[in-house]
**Q** 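The structure is given below, and queries will be raised subsequently.
Each chain gets a letter, A, B and so on, in the order its sequence line appears, and its residues count up from 1. Heavy-atom basis, side chains included; hydrogens, waters and symmetry copies ignored.
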Amino acid sequence: MPVDVDAAVISNTRLSEDYCVVALSAPAIAALARPGQFVMVKPARGTDPLLRRPFSIFEVLRDKAGAPAGISLLNKRVGTGTRLLYDLEAGARVACLGPLGRPFEPVDPPARAWMIAGGVGLAPFLTLGEALSARGTDTTLFYGARTASELYCVDRFERAGIRVFLTTEDGGRGGKGFVTAAVQGQLDLTPSGEPVHLYACGPTPMMRAAAAVAASYGRPCDVSLEQVMGCGLGGCYSCVVPVWDDAKPHFERSCIDGPVFDASRIAWEALAH
Amino acid sequence: MPVDVDAAVISNTRLSEDYCVVALSAPAIAALARPGQFVMVKPARGTDPLLRRPFSIFEVLRDKAGAPAGISLLNKRVGTGTRLLYDLEAGARVACLGPLGRPFEPVDPPARAWMIAGGVGLAPFLTLGEALSARGTDTTLFYGARTASELYCVDRFERAGIRVFLTTEDGGRGGKGFVTAAVQGQLDLTPSGEPVHLYACGPTPMMRAAAAVAASYGRPCDVSLEQVMGCGLGGCYSCVVPVWDDAKPHFERSCIDGPVFDASRIAWEALAH
Amino acid sequence: MDLSVSIGSLRLANPLIAASGCFGYGVEYADIVDLSSLGAVAVKGLFLAEREGHPPPRIVETPSGMLNAIGLQGIGVRRFVAEKLPELRERRAVVFVNICGSTIDEYGEIARVLSDHEGVAAIELNISCPNIKEGGITFGCSLTGTHAVVSAVRKVTRLPVIPKLTPNVTDVASFARAAEEAGADAVSLVNTFLAMAIDVHTRRPRLSNIVGGLSGPAIRPIAVRMVYECRQVVRLPIIGIGGIASAEDVLEFMIAGATAVQVGTASFVDPFIWTKLLDGLRTYMARHGIDRLADVTGTIDTSKREQAWISS
Amino acid sequence: MDLSVSIGSLRLANPLIAASGCFGYGVEYADIVDLSSLGAVAVKGLFLAEREGHPPPRIVETPSGMLNAIGLQGIGVRRFVAEKLPELRERRAVVFVNICGSTIDEYGEIARVLSDHEGVAAIELNISCPNIKEGGITFGCSLTGTHAVVSAVRKVTRLPVIPKLTPNVTDVASFARAAEEAGADAVSLVNTFLAMAIDVHTRRPRLSNIVGGLSGPAIRPIAVRMVYECRQVVRLPIIGIGGIASAEDVLEFMIAGATAVQVGTASFVDPFIWTKLLDGLRTYMARHGIDRLADVTGTIDTSKREQAWISS
Ligand SMILES: Cc1cc2nc3c(=O)[nH]c(=O)nc-3n(C[C@H](O)[C@H](O)[C@H](O)COP(=O)(O)OP(=O)(O)OC[C@H]3O[C@@H](n4cnc5c(N)ncnc54)[C@H](O)[C@@H]3O)c2cc1C
Ligand SMILES: Cc1cc2nc3c(=O)[nH]c(=O)nc-3n(C[C@H](O)[C@H](O)[C@H](O)COP(=O)(O)OP(=O)(O)OC[C@H]3O[C@@H](n4cnc5c(N)ncnc54)[C@H](O)[C@@H]3O)c2cc1C
Ligand SMILES: Cc1cc2nc3c(=O)[nH]c(=O)nc-3n(C[C@H](O)[C@H](O)[C@H](O)COP(=O)(O)O)c2cc1C
Ligand SMILES: Cc1cc2nc3c(=O)[nH]c(=O)nc-3n(C[C@H](O)[C@H](O)[C@H](O)COP(=O)(O)O)c2cc1C
Ligand code: FES
Ligand code: FES
């Protein structure tokens with residue numbers, strides 16, 4: 001059951017001109033959050049902008065006693081709302097509703113987990129990676145960006161015991177090319193008898209490629225889709241994605257039926273972008 | 001010629017729960033400002049709220065060399081825009097257009113100047129008082145509020161060599177009752193041959209009373225009217241006040257034909273509020 | 001304090017109704033909103049058959065508003081009564097079913113299905129959805145069409161019939177009158193304003209459907225005017241809709257002439273808005289010494305046009 | 001880069017026109033805006049006679065918009081040509097005179113007065129002011145009225161005649177067509193939306209005139225849709241109006257089908273907006289390799305309704 005918290009900004013760490021990590025005091029949300037869930041944040045009071053924006057829960061913050069105290073968001077500036085979040089200073093308050101949506105289900109050993117992140121699609125994987133590590137699942141993050149300077153928080157994952165495999169489109173750091181090509185390369189090296197579960201989040205073309213790779217190698221794959229959302233609660237039907245339902249195409253609400261979907265259910269050829 | 005300055009907030013001094021003095025870096029406006037002129041301030045970026053708000057120039061701020069460096073506003077919280085100004089922190093920026101409007105004309109000795117302020121109507125009188133003092137005009141401020149705690153910046157006027165006469169409705173400080181009654185009392189004590197020029201700014205009923213007192217004692221009186229303004233430049237005709245024009249009633253734009261008007265021209269019975 | 005209001009024979013605990021299309025089938029919100037605490041819940045517009053609606057993008061934000069072109073995705077009235085209505089009854093929600101047909105017969109058919117089931121409090125006739133080609137707004141933009149749909153549904157049901165009017169007309173009050181003459185129990189207004197937004201870089205519409213409906217605070221002043229206009233012309237209860245986001249907004253509509261109101265877009269922004277609105281209404285009643293909120297309806301004071309002294 | 005656009009025989013240096021009623025008589029802005037740098041200046045609506053307009057309050061802010069009920073205070077057309085026109089000519093402003101009549105004859109009479117004077121570039125027929133009872137919108141809300149006013153003015157002047165349409169109608173495109181058939185050279189749209197706001201504590205309207213016209217960014221999506229609709233139906237140049245506040249907004253209207261645009265409310269917020277808009281248009285043209293801005297008009301791409309794969 002989601003709650004709406006008038007959350008104080010604990011800190012706002014600018015990672016670059018575009019990226020920042022906003023830490024919010026929100027114990028009630030932190031206590032309930034599961035990997036891959038999201039929150040709806042109102043970037044400013046008043047009607048400009050009017051609607052809330054969806055953000056993955058990047059970290060669950062804990063107090064000294066280990067109790068959940070807040071969450072952080074990995075925010076990428078792309079428009080009005082994300083700019084307002086980027087500009088937030090500690091002490092400011094933002095309304096934050098969550099946790100929302102269908103979470104990732106972490107797999108157990110002996111299955112291995114491969115998380116595939118493109119750009120800000122990194123956001124849901126820290127909590128997932130920690131959950132996987134906690135249950136002893138061997139976990140790798142494949143993380144791609146355009147250039148080396150657009151790779152963030154890698155150490156944060158390494159500290160969580162997650163193997164990290166980087167790619168950049170220009171080859172500036174890690175493997176050169178798309179992250180999904182790297183995944184495919186690794187799958188080539190992996191005996192088909194060894195269970196590997198893929199999780200992907202990033203730009204739609206990347207997720208589509210990940211889904212295709214997963215399908216052709218017969219690997220299960222969960223994707224976290226990014227649709228424009230009006231309410232986050234199933235009320236408005238704005239956030240739909242096309243899925244196959246008994247071989248019939250059907251629109252499902254990504255805010256409550258997702259954002260995490262089994263990649264094989266998505267009708268990729270019909271997905272926006 | 002007014003200019004539009006993206007002014008940095010130098011400081012924001014809260015005087016109470018409702019009042020503050022916002023100091024803005026705006027040399028170009030400060031250099032041109034005359035007593036009684038105003039600026040149009042955009043309380044926030046974006047469209048909420050949409051329009052600028054008019055504010056009297058409270059102080060002209062000078063740098064160490066005495067050059068005009070900025071202005072301050074005496075802001076009273078009454079709604080959305082004034083609340084946003086109240087909440088501004090140093091370093092923030094607000095668009096500020098000015099100086100605008102017809103200024104007060106300071107009288108010269110031997111005429112004496114009596115400034116009559118009600119509430120936030122105090123705002124235009126510091127610059128006027130300083131201009132009057134500078135030309136050696138004997139200047140008194142009659143300043144009324146509901147209670148003692150709602151009287152602000154009195155020392156600021158005293159330091160400028162202005163005699164201050166306070167009233168409160170509850171008698172908590174200074175004379176008890178309305179400020180216009182105090183003015184009337186002083187006029188009773190003043191020989192009619194001694195020239196006194198009245199200047200009034202405050203709630204409409206107060207200004208109307210001041211105008212009536214001035215008329216019955218045959219004293220000239222200028223008032224600074226507060227109308228809702230859309231543009232501040234004569235473009236929209238929203239800010240009109242009813243004036244007598246050759247004994248015919250007529251609407252004049254208070255942003256360019258005012259906000260300062262000869263009180264005897266105003267058709268008070270038709271003025272809003 | 002009495003917050004209840006009456007829509008014909010129907011008594012609502014308070015004037016707040018969740019607007020159709022903005023609250024799913026109600027059940028989505030059952031965990032976070034006590035459905036029985038609302039005046040009523042208007043569920044998402046239903047056709048007889050299931051529909052998939054328009055492809056995304058289905059919404060886009062605009063200044064103080066949003067456009068939507070959902071295209072009435074829905075499970076159809078039969079699945080609704082089978083799958084959703086039982087839970088709504090269990091939660092003691094007062095259910096307004098918003099219905100849409102491609103033909104007059106379809107409206108009648110849906111109304112008949114609904115009348116056969118317990119738990120439907122009223123039928124709201126969506127003759128004003130700007131996002132679909134067939135039916136709906138075709139009726140809502142013609143006086144005879146409006147009259148015909150209302151009459152047809154009136155004939156087949158005893159449930160209160162509440163046509164929902166479109167603001168995309170020259171004279172909305174004449175539509176309210178047509179609805180009244182055809183036997184409606186109330187009118188809801190307004191639905192969304194037909195509008196569009198274009199991405200100037202791709203030069204393509206921002207909605208897959210090209211045009212969509214504008215809702216949210218942006219439209220409130222127009223909607224209030226329309227309620228006020230209808231109030232002059234009909235005696236029917238009016239349900240005011242459009243951009244309501246605060247208790248003051250609720251009161252503005254009521255003072256203009258609304259008996260009840262619906263809240264849509266603002267409940268996206270704040271799904272917990274309902275208790276805040278109720279609190280705000282109670283505060284207002286206390287401040288102004290009002291015992292029965294219903295007494296506020298239509299009390300706009302236009303008597304004194306102050307200073308009508310200079311003739312315009 | 002060529003920013004010029006043509007309205008019939010009239011060539012404007014750029015598509016930006018100061019909207020009527022939002023820029024006084026132009027002369028008020030002469031000190032801060034180079035009037036000759038604007039495509040044109042539409043001066044405040046003029047009747048034949050002087051008018052005092054409505055008592056204040058005349059405006060009230062609403063979400064991303066404002067209501068106005070100025071009531072066409074003005075100096076009348078004769079004083080205008082005597083007192084304002086000379087300075088406007090001196091400043092080399094392209095002057096659109098916005099006119100309003102209580103009768104068709106009055107429109108003709110004003111047009112005749114204006115045609116006798118040098119320095120008027122076009123006549124904009126205000127048949128859409130929502131704030132006055134007599135004339136104006138009465139014509140603008142009827143197809144025959146619109147046709148009659150345009151025809152009457154067409155007969156008495158060689159100046160371009162540009163009726164300004166109201167959005168308060170069911171089918172604005174039919175009004176554009178009526179204007180075209182009556183010989184108009186272009187149409188302006190939209191004027192303001194009839195709207196109102198109520199102070200819930202006093203229960204009185206916030207405007208002395210009770211109702212007023214909604215303008216500003218709030219209405220932009222509706223206005224863009226109306227321009228788009230008219231573009232399908234008429235060949236006349238369209239002057240798009242409603243909530244324009246940025247170069248992207250200008251482009252949105254042009255892509256939807258406008259040849260030029262007017263900016264009103266946003267120029268209250270930023271009187272120096274004109275150079276910013278021109279800069280923004282140039283940046284866009286450079287980015288997209290556009291030489292002639294006029295080529296943008298009507299280039300909306302509705303060809304590919306992506307994923308029309310699931311039928312609605
Ligand atoms: C479940 C979910 C989780 C997300 N998690 C994160 C996250 O952790 N960090 C992060 O930075 N972003 C995340 N996003 C994307 C984020 O919500 C959008 O970037 C944001 O809403 C854009 O708001 P804006 O006001 O800055 O952009 P706007 O000014 O509204 O639009 C700018 C551009 O962004 C596009 N856009 C707007 N909303 C969305 C959206 N919901 N999804 C994709 N594109 C959009 C617009 O079409 C436009 O092109 C997530 C989205 C979803 C659905
Ligand atoms: C020439 C001039 C000089 C002014 N100088 C000052 C000043 O120095 N300090 C100061 O605090 N205020 C001053 N005001 C008043 C100030 O402009 C208003 O208080 C302000 O615009 C209210 O904005 P808001 O968003 O807070 O209120 P809103 O939320 O817009 O409205 C709140 C209430 O204030 C009323 N109101 C709104 N605008 C005005 C207005 N222009 N005049 C009177 N009442 C209004 C509304 O009717 C409403 O009842 C001045 C006004 C004028 C015309
Ligand atoms: C996403 C969305 C979907 C809607 N769906 C419907 C609908 O199915 N039936 C209907 O009558 N109105 C529908 N509406 C209109 C609303 O019920 C309401 O009339 C309108 O949004 C104005 O109210 P608001 O400004 O409070 O949102 C929808 C509105 C939105 C925003
Ligand atoms: C204060 C004000 C006065 C107006 N006066 C007139 C007028 O005299 N004649 C006219 O045709 N339109 C008038 N309008 C309408 C504008 O010209 C324009 O059509 C409308 O405001 C929408 O544009 P905007 O959103 O850019 O303001 C007026 C608008 C405002 C806000
Ligand atoms: S965002 Fe509203 S239904 Fe998903
Ligand atoms: S505020 Fe616009 S004319 Fe005075």
**Q** Count the heavy atoms of every other residue, nucleotide or ligand shown that sit under 6.0 Å from CZ of A:Phe178, and state whether that count exceeds 12.
**A** no
**Q** So for A:Leu97, is it side chain, backbone, both, or neither that comes closer than 4.5 Å to the heavy atoms of chain C?
**A** side chain
**Q** Side chains of C:Tyr29 and A:Cys231, heavy atoms from C-beta outward: is any pair under 4.5 Å?
**A**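 Heavy-atom side-chain distance check passes, below 4.5 Å.
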**Q** Counting only heavy atoms not in A:Arg62, do more than 12 sit closer than 6.0 Å to its CZ atom?
**A** yes
**Q** Give a yes or no on whether a salt bridge exists between A:Arg53 and C:Glu61, defined as a side-chain N under 4.0 angstrom from a carboxylate O.
**A** yes
**Q** Report, as yes or no, whether the 6.0 Å neighbourhood of atom NZ on C:Lys84 holds more than 12 heavy atoms from other residues, nucleotides or ligands.
**A**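 Counting neighbours around NZ of C:Lys84, more than 12 heavy atoms of other residues, nucleotides or ligands fall under 6.0 Å, so yes.
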**Q** Is any side-chain heavy atom of C:Gln73 closer than 4.5 Å to a side-chain heavy atom of A:Arg253?
**A** no
**Q** Can you name the residues of residues 31-48 of chain A that have some heavy atom under 4.5 Å away from a heavy atom in chain C?
**A**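 Listed by number, the contacting residues are A:Lys42, A:Thr47.
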**Q** Below 4.5 Å, heavy atoms only, C-beta onward: do C:Pro55 and A:Phe251 meet side chain to side chain?
**A**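 The answer is yes; the side chains approach within 4.5 Å.
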**Q** Any side-chain heavy-atom pair from A:Ile256 and C:Glu28 closer than 4.5 angstrom?
**A**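 Counting from C-beta outward, A:Ile256 and C:Glu28 do come under 4.5 Å.
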**Q** At a 4.5 Å cut-off on heavy atoms, which part of C:Phe23 comes close to chain A: side chain, backbone, both, or neither?
**A**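 C:Phe23 touches chain A through backbone heavy atoms alone.
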**Q** Does the side chain of A:Val240 reach to within under 4.5 Å of the side chain of C:Ile70, using non-hydrogen atoms?
**A**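 Of all side-chain heavy-atom pairs linking C:Ile70 with A:Val240, none is under 4.5 Å.
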**Q** Check whether more than 12 heavy atoms from other residues, nucleotides or ligands sit under 6.0 Å from atom CZ of A:Arg14, and answer yes or no.
**A** yes
**Q** A:Leu233 vs C:Ile32, test: side-chain contact (heavy atoms from CB on, under 4.5 Å). Steps then yes/no.
**A** CA-CA 10 Å; A:Leu233 289 165; C:Ile32 63 167; 3.8 Å; yes
**Q** Roughly how far apart are A:Leu51 CG and C:Phe268 CZ, rounded to 0.5 Å?
**A** 8.0 Å
**Q** OG of C:Ser215 to CG of A:Leu50: how many Å apart, nearest 0.5 Å?
**A**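 If I round to the nearest 0.5 Å, the distance is 8.0 Å.
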**Q** Please report the interatomic distance SG(A:Cys236) to CD1(C:Ile59), rounded to the nearest 0.5 Å.
**A** 5.5 Å
**Q** Nearest 0.5 angstrom please: C:Arg58 CZ to A:Cys239 SG, how far?
**A** 8.5 Å
**Q** Of all heavy-atom pairs between C:Asp270 and A:Arg52, which one has the smallest distance, and what is that distance?
**A** CA-NH2, 4.3 Å
